[in-house]
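This report refers to the structure that appears directly beneath it.
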Amino acid sequence: MTLKLTNTLSRRVEPFEPLVPGEVSIYCCGVTVYDLCHLGHARSYIAWDVLRRYLSWSGYRVTFVQNYTDIDDKILGRAAEEGSSMEAVSERNIEAFVADMARLNILPPDRMPRATRSLDAIRTLIEELEAKGAAYSADGDVYFAVMKHAGYGKLSGRDLAEQQDNAAGRVGTEEEARKQHPFDFALWKGAKPGEPSFPSPWGPGRPGWHIECSAMVREELGNTIDIHLGGADLIFPHHENEIAQSEAATGQQLARYWLHNGMVNVGGQKMSKSLGNFTTIRALLDSGVSPMTLRLFTLQAHYRKPLDFTAEALEAAATGWKGLNAALGLASTASAAPGATPELAAARARFTAAMDDDLNTSAALAVLFELAKPLRALANRLERGDTSAAAEATSPSLAAQGELLRELAGVLGLEPEAGDAAQAATEGPSTDEIQAQIEARQAAKAARNFAEADRIRDALKAQGIELIDRPGGVTEWLRN
RNA sequence: GGCGGCAUGGCCAAGUGGUAAGGCAGAGGAUUGCAAAUCCUUUACCCCCAGUUCGAAUCUGGGUGCCGCCUCCA
């Protein structure tokens, strides 16, 4: 069985075949760096990270390019607001982006081009479009003429003739008046007084949003790439325009497969910066939600479907991850085991079949949970000091199961976490104080003064210390 | 108005013709002084109507509800 992916271009699930056997070129639309990233970005980049990991695991050599849009109106607006510069805003947010992605265990792209560093490629592309009659300039701006490009609308299923009437309501601004067709879009924007600008044959200005991606794709990966990624909200106009520009210039297909992820919703509405209903990645992680919990949360749904973000769903993911993590923790200590049993081979096959089916991570996770179940149970028995469990843990078949679990979890980017006990240990009561309290509680219990024993337990809990009574009168504790 | 998508148990979510994966929550049991934690067991006929079929959550037609895009957006 081979990988099948939903191609937005055909609106169908198609078998994936790269242009060059064994190699895959991928371009992923990155972020406009005017602010911190939120959970919508996390969902998107986690999904594509899994695609990338799965392709690599399947034996492909993957080249993954993702851009930074580091010049646009919002960055300029932010810079003006805080009295800094475009560069300062961009640099700060790029740094934050890199850190956030790393925390989520998202592999860094092979190359991360920036619009401001790709100006030669951008200007060249615009000149080519002008030479071919696909672009026209007006008052220092340069626009792409959608009417000149047969096939405009093929990605988003729009028909120019029908759409013109609907767009008519928006005509009226100064810019609209300069356009030959309402759907024409800026390739180059002339600079207004005081704005940062770059020189060009059309006067000082800056590139439009869409052209940078077309230019960077070509510069980094060539005229035709295998896979182009992005959020569903980019289908129109961004990706539609990218196709128009690139294909008008090169005469070749821009991308063979277009993949789009569904939005993250809050209360049934799309999470977005403009609506203000967003939670940033770092705010969520800093609030104590583990990166792997967030990963598990997003991977439990199919990447194309909308994902509703709720506290309850996140909590369910956290509990689910706790169990998976326990199993992975045990698996990492198990010794290597040769050979796979028929059961393990079947589990591997089910995982692969799920992933081949348009990255069905939800079904793939079911395989992980099933593999994890006996390991988790054993891990917990070991933790209790069950001596017979120690012998079982060394069984070759269980070790092999653990190894498979770790391997498959790794394909989803799920890796065991040690927890942040060490970090938390600097807060709250000291180990000695806790130990003294536990002894006081033991004494109370021995005297059958359960009210006092419970009071001590509750008091410690209020300080973030949880007591765990083990068989044999042993009491352990955990910091929360 | 145009284009696209979705509707499965208390919640999240797989499943695209043969009698419903998985996670969370809940229930019962083990354990406990009682709890917590842990372990074991356990819980659905799939939005509505009409068709096709030996057989449909899965196909067709109609309806209802919800979401995204059409302006910056992952």
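Labels below follow one simple rule: chain letters A, B, ... track the order of the sequence lines, proteins then strands, and each chain is numbered from 1. Any value given below was found using the heavy atoms of this structure, including those in side chains, with hydrogens, waters and symmetry copies removed. Since the model is a prediction, treat every value here as computed from it, not as a measurement.
- Here, G28(B) and A37(B) have their P atoms 15 Å apart, quoted to the whole Å.
- Listed nucleotides C40(B), A21(B), C34(B) differ in distance to Ala366(A); the shortest reach to its side chain belongs to A21(B).
- When heavy atoms are screened at a 4.0 angstrom cut-off, Phe450(A) is found touching base atoms of the nucleic acid.
- Closest to the side chain of Asn360(A), from the set A37(B), C39(B), G15(B), is G15(B).
- When the P atom is used for both A57(B) and C67(B), the distance is 28 Å, rounded to whole Å.
- Base pairing analysis places G55(B) opposite nothing; no Watson-Crick or G-U wobble pair with both distances below 3.5 Å involves it.
- Whole-Å rounding puts the Asp159(A) CG to C70(B) P distance at 18 Å.
- Asn277(A) and Gln269(A) are not linked by any side-chain donor-acceptor pair at a separation below 3.5 angstrom, with hydrogens and angles left out of the test.
- Whole-Å rounding puts the Asp308(A) CG to C24(B) C1' distance at 16 Å.
- Comparing the C1' positions of A20(B) and U8(B) gives an interatomic distance of 8 Å, to the nearest angstrom.
- Among the atoms of the strands shown, none is found under 4.0 Å from any heavy atom of Gly153(A).
- Spacing between atom NE2 of His210(A) and atom C1' of A74(B) amounts to 15 Å, rounded to whole angstrom units.
- At the heavy-atom level, Val367(A) lies nowhere under 4.0 Å from the strands shown.
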Report each atom pair, protein N/O against N/O of nucleotides 5-8 of chain B, whose distance is under 3.5 angstrom.
unit_1 : atom_1 : unit_2    : atom_2 : d
A7(B)  : OP1    : Lys305(A) : NZ     : 3.3

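- In a base pair of the Watson-Crick type (N1 to N3 plus N6-O4 or O6-N4) or a G-U wobble (N1-O2 and O6-N3), with each distance short of 3.5 Å, C3(B) is matched with G68(B).
- Nucleotide U31(B) forms a pair with no other nucleotide shown, judged by Watson-Crick or G-U wobble geometry with both contacts under 3.5 Å.
- Side-chain atoms of Ser118(A) and Glu212(A) include no donor-acceptor pair closer than 3.5 Å.
- Both geometric conditions, a ring-centre gap below 5.5 Å and a plane tilt below 30°, are not fulfilled together for Phe369(A) over the base of G22(B).
- Considering only side-chain N and O atoms, Arg457(A) lies nowhere under 4.0 angstrom from the phosphate OP1 or OP2 of C34(B).
- Which of G68(B), C34(B), C70(B) sits closest to the side chain of Arg441(A) comes down to C34(B).
- Across A56(B) and C48(B), the matching C1' atoms stand 16 Å from one another, rounded to whole Å.
- Distance from the side chain of Ala301(A) is smallest for A13(B) among the nucleotides U38(B), A13(B), G23(B).
- One can place CG of Asp233(A) at 6 Å from C1' of A74(B), the figure rounded to the nearest angstrom.
- Arg114(A) and Thr116(A) are not linked by any side-chain donor-acceptor pair at a separation below 3.5 angstrom, with hydrogens and angles left out of the test.
- The distance from atom NE2 of His302(A) to atom P of G68(B) is 19 Å, rounded to the nearest whole Å.
- Taking only side-chain atoms of Arg376(A), from C-beta outward, the nucleotide of C39(B), A14(B), G15(B) with the closest atom is C39(B).
- Taking a pair to require two hydrogen-bonding distances under 3.5 Å in either a Watson-Crick or a G-U wobble arrangement, A37(B) remains unpaired.
- For residues 35-53 of chain A, the pairs satisfying salt bridge (Lys or Arg N to Asp or Glu O under 4.0 Å) are Asp35(A)-Arg78(A), Asp49(A)-Arg53(A), Asp49(A)-Arg295(A), Arg52(A)-Asp110(A), with sequence neighbours left out.
- Scanning for ring-ring contact (aromatic ring centres under 6.0 Å, His included) contacts around His238(A) gives Trp209(A), His210(A), with sequence neighbours left out.
- Separation of the P atoms belonging to G4(B) and G9(B) is 28 Å when rounded to the nearest angstrom.
- Applying the Watson-Crick and G-U wobble criteria (two distances, each under 3.5 Å), C24(B) pairs with G10(B).
- U16(B) and U53(B) have their C1' atoms separated by 16 Å, with the value rounded to a whole Å.
- For A14(B) and G23(B), the C1' atoms lie 11 Å apart once the distance is rounded to whole Å.
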Counting only pairs under 3.5 Å, give me each side-chain donor-acceptor contact of residues 225-234 of chain A, with atom names and distances, residues two or more places apart or in other chains.
unit_1    : atom_1 : unit_2    : atom_2 : d
Asp226(A) : OD1    : Leu19(A)  : N      : 2.8
Asp226(A) : OD1    : Arg256(A) : NH1    : 3.2
Asp226(A) : OD2    : Ser25(A)  : N      : 3.0
Asp226(A) : OD2    : Ser25(A)  : OG     : 3.4
His228(A) : NE2    : Glu242(A) : OE1    : 3.4
Asp233(A) : OD2    : Lys270(A) : NZ     : 3.3

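- Distances were taken from every side-chain heavy atom of Ser362(A) (C-beta onward) to each of U38(B), A21(B), A74(B); the shortest belongs to A21(B).
- Using N1 to N3 plus N6-O4 or O6-N4 for Watson-Crick, or N1-O2 and O6-N3 for G-U wobble, each under 3.5 Å, A74(B) pairs with nothing.
- Between the CG atom of Leu412(A) and the C1' atom of G22(B) there is a distance of 13 Å, given to the nearest Å.
- In the set A36(B), C69(B), A74(B), C69(B) carries the atom at the smallest distance from any side-chain atom of Arg158(A).
- Positionally, the nearest nucleotide of RNA chain B for Thr310(A) lies more toward the 5' end than for the other of Gly40(A) and Thr310(A).
- Put simply, the side chain of Leu285(A) does not reach to within 4.5 Å of the side chain of Asp100(A), judged on heavy atoms.
- Checked by distance alone, Asp454(A) brings no side-chain donor or acceptor within 3.5 Å of a matching partner on the base of A35(B).
- Of the candidates A37(B), A74(B), C24(B), A37(B) carries the atom nearest the Glu466(A) side chain, counting heavy atoms from C-beta on.
- The residue Glu370(A) sits close only to the backbone: its heavy atoms come under 4.0 Å of sugar-phosphate atoms, none of a base.
- Listed by chain and number, the residues in a side-chain hydrogen bond (donor to acceptor under 3.5 Å, both in side chains) with Glu315(A) amount to none (sequence neighbours excluded).
- Side chain of Val31(A), nearest nucleotide from A74(B), A35(B), C70(B): A74(B).
- In this structure, C45(B) forms no base pair with any nucleotide, since neither Watson-Crick nor G-U wobble geometry is met with both distances under 3.5 Å.
- Nucleotides of RNA chain B nearest to Arg43(A) and Ala451(A) differ in position, and the one nearer the 5' end is that of Ala451(A).
- The nearest whole Å value for the distance from the CZ atom in Arg448(A) to the P atom in U32(B) is 13 Å.
- Every residue was checked against the salt bridge (charged side-chain N to carboxylate O under 4.0 Å, His left out) condition with Lys373(A), not counting sequence neighbours, and none meets it.
- A distance of about 43 Å separates the C1' atoms of C54(B) and G2(B), rounded to the whole Å.
- His238(A) comes within 4.0 angstrom of no nucleic acid atom, judged by non-hydrogen atoms across all strands.
- Base pairing annotation: U60(B) forms a Watson-Crick or G-U wobble pair with A50(B), both donor-acceptor distances under 3.5 Å.
- For the 3.5 Å distance criterion, the side chains of Tyr54(A) and Asp356(A) qualify, holding a donor opposite an acceptor.
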* To do: Evaluate side-chain contact (heavy atoms from CB on, under 4.5 Å) for Leu404(A) paired with Phe351(A), printing each intermediate quantity in order.
  => CA-CA 11 Å; Leu404(A) 179 63; Phe351(A) 176 87; over 6 Å; no
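- Which of A37(B), A74(B), C24(B) sits closest to the side chain of Lys270(A) comes down to A74(B).
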